[in-house]
Amino acid sequence: MPAHDVLILGAGLAGQRAALAAAEAGASVAIMSKVHPVRSHSVAAAGGINAAINPADDWRSHAYDTVKGSDFIGDQDAIEVMCREAPHEVMHLEHIGVTFHRNETGQMDLRAFGGASMKRTAYVADITGQAILHVLYEQLMKHHETVDRYEEWFTTHLLQDESGAVSGCIARDIRTGELQEFTAKNVILATGGVGQAFKPTTNGLICTGDGIAQAFRLGAPLMDMEMVQYHPTCLVENGFLITEGARGEGAHLLNSNGERFMEKYAPNKMELASRDVVSRAEQTEINEGRGVGPGGVGIYLDVTVVPRKRTLEALREIVNIGKDFAGVDITREPILIRPGQHYIMGGVKTDVDGATPISGLYAAGEVACVSVHGGNRLGANSLLDTLIFGRRAGEHAAARAAGMPMPKAQGQARLNDEQGMIDGIIAREKTGRRISEIKDELGTEMNKNVAVFRTQDGLEHALDVVRRLKEEAKTAYVDDKGTVFNQDVLGALELGYMLDCAECTVIGAIERKESRGAQFRVDFPDRNDDEWQKHITLSRDGDGTPVVGYSPVTITQWQPEERKY
């Protein structure tokens with residue numbers, strides 16, 4: 001039976017960085033993922049990674065921009081850690097082989113991103129996440145004697161010992177259907193967000209909230225789940241992401257009158273205001289009849305104002321995306337975009353070492369809420385978040401493992417219970433709905449009522465729909481009765497996770513009766529620091545219902561102020 005000091009679930013940037021740190025600290029490590037590691041969703045991170053590298057810059061400026069971007073609900077102690085450690089982390093990446101873009105003087109080039117007071121985003125064209133992911137995977141190969149990889153395995157249940165500490169997991173080999181118990185002194189969740197609960201989303205099909213829901217079911221509190229980021233530039237047809245790097249290079253946003261409308265909403269930063277501000281501006285233009293394209297549901301992103309040579313050099317991936325998925329050559333004509341679901345600022349509540357309140361359970365990356373993003377994440381801070389807190393979680397878990405014995409395995413009886421659960425899914429009769437139908441209705445409802453603009457009535461309707469879908473999911477049938485690559489069974493499990501996350505998101509949005517960051521309540525349009533400068537937490541009661549609680553926001557050196565761009 002496999003046993004490891006540190007078991008990492010998820011092999012994107014947070015997972016691989018945690019694995020590398022734990023291995024370098026001398027721990028025995030396993031990294032488990034339901035896809036091959038270099039196909040993790042981190043591969044979609046395009047624009048770059050923030051760090052105060054420029055000698056004229058300072059980590060405190062980066063931290064202030066992040067605090068302001070969070071709409072003053074990010075925890076400033078965690079933001080200070082992230083921004084202070086950022087330059088060293090980016091230099092480390094370069095030293096291990098990431099080929100960041102260099103300028104004509106030979107120095108690392110930096111591009112502008114939204115909400116930043118100066119250029120501080122290091123990049124590899126518009127494939128930054130992919131480039132880092134491949135280099136980290138190569139580095140892990142150096143530790144092949146102490147790092148085991150379980151690729152195309154799916155975790156179905158986290159295990160706890162008699163004291164309540166996490167002691168491993170039950171996982172299913174997707175290729176064969178075999179169930180296996182994995183014993184571990186520590187488990188780090190690095191499973192990403194839950195974008196697939198929305199439709200459309202920029203997230204990959206694998207982003208189904210697995211780790212968030214599994215931690216919640218175990219008793220770990222979630223935090224800031226109502227904060228869901230809509231990215232301003234997603235293809236109208238399918239939600240594909242057009243990187244913020246395009247606006248960083250100078251692209252304009254235009255309405256049906258040909259106006260650069262951001263002059264009205266953010267005259268100082270224009271298209272490079274924070275994402276929540278730009279998304280609301282776009283949606284306002286659309287709602288007031290100045291949208292473009294079929295049905296007027298889009299906005300034009302005009303990249304033709306960027307020199308064509310520069311576009312082909314620095315934005316080559318979205319040139320391909322434009323041609324392949326919208327039939328548009330963005331170097332010669334504007335492309336149709338709109339706001340689309342992109343990122344979850346909330347997640348499993350952790351401290352700055354990635355530790356959750358459950359002993360032995362850690363979380364890092366989008367699955368976690370260490371609260372560096374608060375109400376709104378700045379572009380190019382997500383890669384930084386994954387790497388800084390992935391590393392810290394790996395180091396902390398390795399140190400914890402050094403002084404403790406390996407937990408006892410729970411054995412065949414526990415495996416039999418889990419197999420019985422899966423057999424029950426496969427045996428369902430065709431009397432319910434299809435899993436795909438329920439997922440489609442969930443995504444459509446969330447995009448309608450839990451998106452850029454929210455109302456009490458809309459949120460209450462969404463909660464009713466989510467709870468009805470949770471009941472319907474219990475009888476949703478699967479067509480595939482086999483064991484080899486049975487994606488139907490995975491889909492049934494993932495649907496349950498998405499619905500748990502969606503319920504918490506909606507409850508949090510109903511609870512927060514103000515507008516802050518990504519949460520804009522039409523019926524409460526102002527930010528209310530007196531009552532709502534606090535985190536909303538959600539914990540599970542005895543029958544599985546989310547229970548609302550609160551947690552204070554940590555202020556260190558930046559007092560709340562009105563946020564203007």
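Along the sequence shown, residues carry numbers from 1.
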Note to self: I'd like to know whether Thr537 forms a side-chain contact (heavy atoms from CB on, under 4.5 Å) with Val548, so could you lay out the CA-CA distance, the side-chain angles of the two residues, the decisive distance to 0.1 Å, and finally the verdict.
What the structure shows: CA-CA 6 Å; Thr537 60; Val548 172; over 6 Å; no
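- Aromatic ring centroids of His535 and Tyr550 lie 6.0 Å or more apart.
- Taken from CG in Asp480 to CG in Asn486, the straight-line distance is 3.5 Å, to the nearest 0.5 Å.
- Summarising the geometry of Ile299 relative to Glu285, their closest heavy-atom pair is CD1-CB, 4.0 Å, with the distance given to 0.1 Å.
- A side chain to side chain contact (heavy atoms under 4.5 Å, CB included) with Ile174 is found for exactly one of Thr483, Val489, Leu490, namely Leu490.
- Considering every non-hydrogen atom in both Arg512 and Lys534, the closest pair reads NH2-O, 2.6 Å.
- Asp75 places no side-chain N or O within 3.5 Å of a backbone atom of Ala78 that could act as its donor or acceptor partner.
- Checked by atom type, the side-chain pair Glu151/Ser33 shows no donor-acceptor distance below 3.5 Å.
- Annotation: the span from Phe453 atom CZ to Asn287 atom CG amounts to 6.5 Å, rounded to 0.5 Å.
- Asp500 and Arg540 are not joined by a salt bridge, as no carboxylate oxygen comes within less than 4.0 angstrom of a charged side-chain nitrogen.
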Next item on the list: Under the ring-ring contact (aromatic ring centres under 6.0 Å, His included) rule, what do His396 and Phe389 come out as? Steps first, then yes or no, please.
Entry: CA-CA 10 Å; His396 200 272; Phe389 295 106; over 10 Å; no
Next item on the list: Would you sort out whether Tyr497 and Gln196 count as a side-chain hydrogen bond (donor to acceptor under 3.5 Å, both in side chains), showing the intermediate values?
Entry: CA-CA 11 Å; Tyr497 297 148; Gln196 284 294 320; over 6 Å; no
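- Side-chain polar atoms of Asp417 and His157 form no donor-acceptor pair below 3.5 angstrom.
- Electrostatic pairing of Arg172 and Glu178 does not count as a salt bridge here, judged by no charged N lying under 4.0 Å from a carboxylate O.
- Closest approach of Arg400 and Ser359 over heavy atoms only: NH2-OG, 2.7 Å.
- A donor and an acceptor atom, one from each side chain of His342 and Thr202, are located under 3.5 Å apart.
- Between atom CG of residue Leu384 and atom CG of residue Leu13 there is a gap of 11.0 Å, rounded to the nearest 0.5 Å.
- Looking at Glu531 and Lys513, no side-chain N of the basic residue comes within less than 4.0 Å of a carboxylate O on the acidic one, giving no salt bridge.
- Other residues, nucleotides and ligands place more than 12 heavy atoms under 6.0 Å from the CD atom of Glu288.
- Screening Arg527, Arg563, Arg377 against Asp276 for a salt bridge (charged side-chain N to carboxylate O under 4.0 Å, His left out) leaves a single residue, Arg563.
- The environment of Glu429 atom CD is sparse: at most 12 non-hydrogen atoms of other residues, nucleotides or ligands sit within 6.0 angstrom.
- Screening Val466, Leu442, Leu469 for a side chain to side chain contact (heavy atoms under 4.5 Å, CB included) involving Met498 leaves a single residue, Leu442.
- Side chain to side chain, Asp423 and Gln419 meet the donor-acceptor criterion of an N or O pair below 3.5 Å.
- Lys34 and Asp210 make their closest contact through NZ-OD2, 2.8 Å (heavy atoms, listed as atom of the first residue, atom of the second, distance).
- A donor-acceptor contact closer than 3.5 angstrom is absent between the side chains of Asn381 and His373.
- Using a distance-only test at 3.5 Å, with no hydrogens or angles considered, a donor-acceptor pair links the side chain of Thr444 to the main chain of Asp440.
- We find the CD-CG distance between Gln160 and Leu218 to be 3.5 Å, quoted to the nearest 0.5 Å.
- The two residues Val228 and Ala518 come nearest to each other via the heavy atoms O-CB, 3.2 Å.
- Within 6.0 Å of atom NZ in Lys439, more than 12 heavy atoms from other residues, nucleotides or ligands are found, so the atom counts as buried in its surroundings.
- Distance check, rounded to the nearest 0.5 Å: SG of Cys369 to CG of Leu222 gives 9.0 Å.
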Margin query: Working note: Cys234 + Ile242, criterion side-chain contact (heavy atoms from CB on, under 4.5 Å); need CA distance, chi angles, decisive distance, verdict.
Written below: CA-CA 6 Å; Cys234 305; Ile242 301 295; over 6 Å; no
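- Of the charged side-chain nitrogens involved, none lies within less than 4.0 Å of a carboxylate oxygen, so that Asp523 and Arg454 do not count as a salt-bridged pair.
- Side-chain atoms of Asp173 do not come within 3.5 Å of backbone N or O of Gly177 as any donor-acceptor pair.
- Checked options Asp529, Asn528, Asp71; the residue passing with Arg516 is Asp529 (criterion: side-chain hydrogen bond (donor to acceptor under 3.5 Å, both in side chains)).
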Item checked: ring-ring contact (aromatic ring centres under 6.0 Å, His included) between Phe524 and Trp532, intermediate numbers included -> CA-CA 12 Å; Phe524 298 96; Trp532 290 106; 8.9 Å; no
Margin query: Under the criterion side-chain hydrogen bond (donor to acceptor under 3.5 Å, both in side chains), I'd like the reasoning laid out for Tyr362 against Arg392: C-alpha separation, chi angles, the key distance, then a yes or no.
Written below: CA-CA 10 Å; Tyr362 294 77; Arg392 294 176 69 94; over 6 Å; no
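- The pair Lys470-Glu472 fails the salt-bridge criterion, with no side-chain N (NZ, NE, NH1 or NH2) lying under 4.0 Å from an Asp/Glu carboxylate O.
- Between Ala18 and Ile188, the shortest heavy-atom distance links the atoms CB-CD1, 4.1 Å.
- Two rings, from Tyr343 and Tyr230, have their centers 6.0 Å or more apart.
- Thr455 and Asp457 share no donor-acceptor pair across their side chains, judged by distance under 3.5 Å alone.
- The distance from the CG atom of Leu336 to the OG1 atom of Thr233 is 12.0 Å, given to the nearest 0.5 Å.
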Next item on the list: Verify salt bridge (Lys or Arg N to Asp or Glu O under 4.0 Å) between Arg433 and Glu441, making sure each step is shown before the conclusion.
Entry: CA-CA 11 Å; Arg433 299 178 71 188; Glu441 184 176 353; 2.8 Å; yes
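- Looking at Thr156 and Leu493, their side chains come closer than 4.5 Å, going by heavy atoms from C-beta outward.
- Between Asp488 and Lys481 there is no salt bridge, since none of the side-chain N atoms of the basic residue sits less than 4.0 Å from a carboxylate O of the acidic one.
- Partner Val452 forms a side chain to side chain contact (heavy atoms under 4.5 Å, CB included) with one of Glu282, Gln283, Gln341 and no other, that one being Gln283.
- In this structure, Asp464 does not pair ionically with Arg468, as no charged nitrogen and carboxylate oxygen lie closer than 4.0 Å.
- No salt bridge links Glu181 with Arg414; every basic N to acidic carboxylate O contact stays at or beyond 4.0 Å.
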Item checked: Pair Gln180-Tyr150, side-chain contact (heavy atoms from CB on, under 4.5 Å): steps then yes or no -> CA-CA 11 Å; Gln180 175 76 60; Tyr150 300 96; over 6 Å; no
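- If you check the side chains of Glu366 and His41, you find no donor sitting under 3.5 Å from an acceptor.
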Item checked: side-chain contact (heavy atoms from CB on, under 4.5 Å) assessment of Lys199 paired with Asn447 -> CA-CA 6 Å; Lys199 182 184 177 182; Asn447 193 55; 5.6 Å; no
